[in-house]
Undergrad: 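Can you read through this structure? Questions will come right after.
Remember, it's 1-based here, ligands and their atoms both numbered in the order they're listed.
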Amino acid sequence: MNVLVTGGAGFIGSNLVDALLARGDSVRILDDLFSGSKENVDPAAELVVGSVADEKLVHEVADGCEVVFHIAAHRAVPRSVENPLGTDLANVHGTLAVLVAARDAGARRVVSASSSSVYGGAEQLPTPESAPLIPRSPYAVSKLAGEQYCRVFAELFGLETVSLRYFNVYGPRQRPDSAYAAVIPLFIDALTSGKRPTVHGDGRQSRDFTFVTDAVVGTLAAADAPGAACAGRAYNIAPGYSHSLLDLLEILGRLIGVKPDPVFTDPRPGDVRLAQADPSAATRDLGFSCSVGFEDGLRRTVEWLA
Ligand SMILES: NC(=O)c1ccc[n+]([C@@H]2O[C@H](COP(=O)([O-])OP(=O)(O)OC[C@H]3O[C@@H](n4cnc5c(N)ncnc54)[C@H](O)[C@@H]3O)[C@@H](O)[C@H]2O)c1
């Protein structure tokens, strides 16, 4: 099958590309290398360097693709607080451009990366997809706008769209060396180089951490599931268990063989306190469930970063 992966040079996107190539798909990538890297890309995939916000280019690369995996985005909450216009261009205009191009190319399905941040810190834990959506950062607004465009394109044009609410994905190729790096590579980097890890807030905030191969399995399931069950819908993709940052530090300290001594700072604006998914709708409609345990995933991540 011919597929397009936007954001295929990034962390989740490149792991997805590897899985698509392994199952024999012909993969084209559109990525402007904003946060991704050429080194992540298997040479068996075709890499087109450019932006999802470039409507003409997106039309060109979508041509002949049966499924579009729209993974590209400006990902970080703090970046969106500092530069909401940049986040909007990549995430909202970019998603709309991808949907228009996929529709015009006659693609069967678009699987689009959304985020647990659309819940904005739900009161109901574990959180089902029916919980109130109260985004609390420009990033979260952009992800919700993308979901809504996906739903509308399914309803208006019959394009089979599926949005996936990923919850704190971690694993190989997630890098610690960016201003907006995620917590797991940052903690591993600190603990393996003798630095004190920084915890924003009291460390009791919790996340439903998802190993990247599980996120990839969920993404493939969303492309393959019957359209009658899932078109136009959004699904939680996560194990359904949460861990606090203090738990995370304790496990990482054990795996690495050091005693963590964190520095506590103020909480970050826009961050949510507690996150735990109810993944039962994805199990029912997509046949998806996570299979990698937290400690096993962390061990594999530590090994990769080492
Ligand atoms: N990593 C997580 O925990 C997580 C959680 C929830 C949702 N998500 C979503 O999953 C997706 C992938 O996230 P990731 O963690 O792999 O981030 P990432 O930054 O590693 O990957 C994003 C990729 O998109 C590319 N990109 C950014 N703007 C682009 C543009 N305008 N045109 C073309 N390419 C562009 C980047 O260069 C990068 O390769 C994003 O949509 C993100 O919002 C990630």
Side-chain angles (χ1 to χ4, degrees), residues 4-18 28-41 45 47-55 57-58 61-62 68-77 79-80 83 85-98 101 110-119 135 137-147 150 163-186 207-212 214-216 218-219 222 234-238 272 275 277 297 301:
L4 172 65
V5 181
T6 73
F11 161 52
I12 297 175
S14 66
N15 279 283
L16 173 64
V17 167
D18 289 352
R28 184 180 293 154
I29 294 169
L30 177 63
D31 196 303
D32 67 357
L33 305 180
F34 176 77
S35 54
S37 132
K38 275 186 187 165
E39 286 100 75
N40 287 340
V41 177
L47 171 63
V48 178
V49 177
S51 175
V52 289
D54 178 342
E55 294 149 50
L57 179 62
V58 184
V61 296
V68 176
F69 295 92
H70 175 44
I71 311 297
H74 285 198
R75 183 193 50 81
V77 166
R79 176 190 285 127
S80 80
N83 180 11
L85 286 171
T87 297
D88 182 85
L89 181 64
N91 297 11
V92 183
H93 184 74
T95 299
L96 184 55
V98 166
V110 175
V111 179
S112 184
S114 183
S115 161
S116 60
S117 63
V118 296
Y119 296 117
S137 67
Y139 169 74
V141 170
S142 77
K143 286 285 147 180
L144 184 52
E147 280 191 10
C150 285
S163 296
L164 300 180
R165 293 177 184 159
Y166 297 130
F167 281 64
N168 286 77
V169 185
Y170 71 99
R173 300 209 185 115
Q174 192 175 37
R175 303 201 55 88
D177 51 3
S178 116
Y180 303 109
V183 64
I184 288 181
L186 280 177
R207 296 290 181 265
D208 201 337
F209 293 106
T210 309
F211 193 63
V212 65
D214 279 335
V216 166
T219 309
Y235 293 94
N236 292 336
I237 295 293
V272 304
T301 309

Undergrad: How would you list, by chain and number, every residue that makes a ring pair (Phe, Tyr, Trp, His ring centres under 6.0 Å) with Tyr180, sequence neighbours excluded?
TA: none
Undergrad: What distance separates Asp214 CG from Asn15 CG, expressed to the nearest 0.5 Å?
TA: 11.5 Å
Undergrad: Hey, what do you get for OG (Ser115) to CD (Glu147), rounding to the nearest 0.5 Å?
TA: 9.0 Å
Undergrad: I'd like the contact residues of ligand 1, where contact means a heavy atom below 4.0 Å.
TA: Gly7, Ala9, Gly10, Phe11, Ile12, Asp31, Asp32, Leu33, Phe34, Ser35, Gly36, Gly50, Ser51, Val52, Ile71, Ala72, Ala73, His74, Arg75, Ala90, Ala113, Ser114, Ser115, Tyr139, Lys143, Tyr166, Asn168, Val169
Undergrad: Does a donor on one side chain and an acceptor on the other come within less than 3.5 Å for His74 and Thr87?
TA: no
Undergrad: How about Tyr170 and Phe211: are their ring centroids closer than 6.0 Å?
TA: yes
Undergrad: Which distance, rounded to the nearest 0.5 Å, do you find between the CD of Gln174 and the CG of Leu186?
TA: 9.0 Å
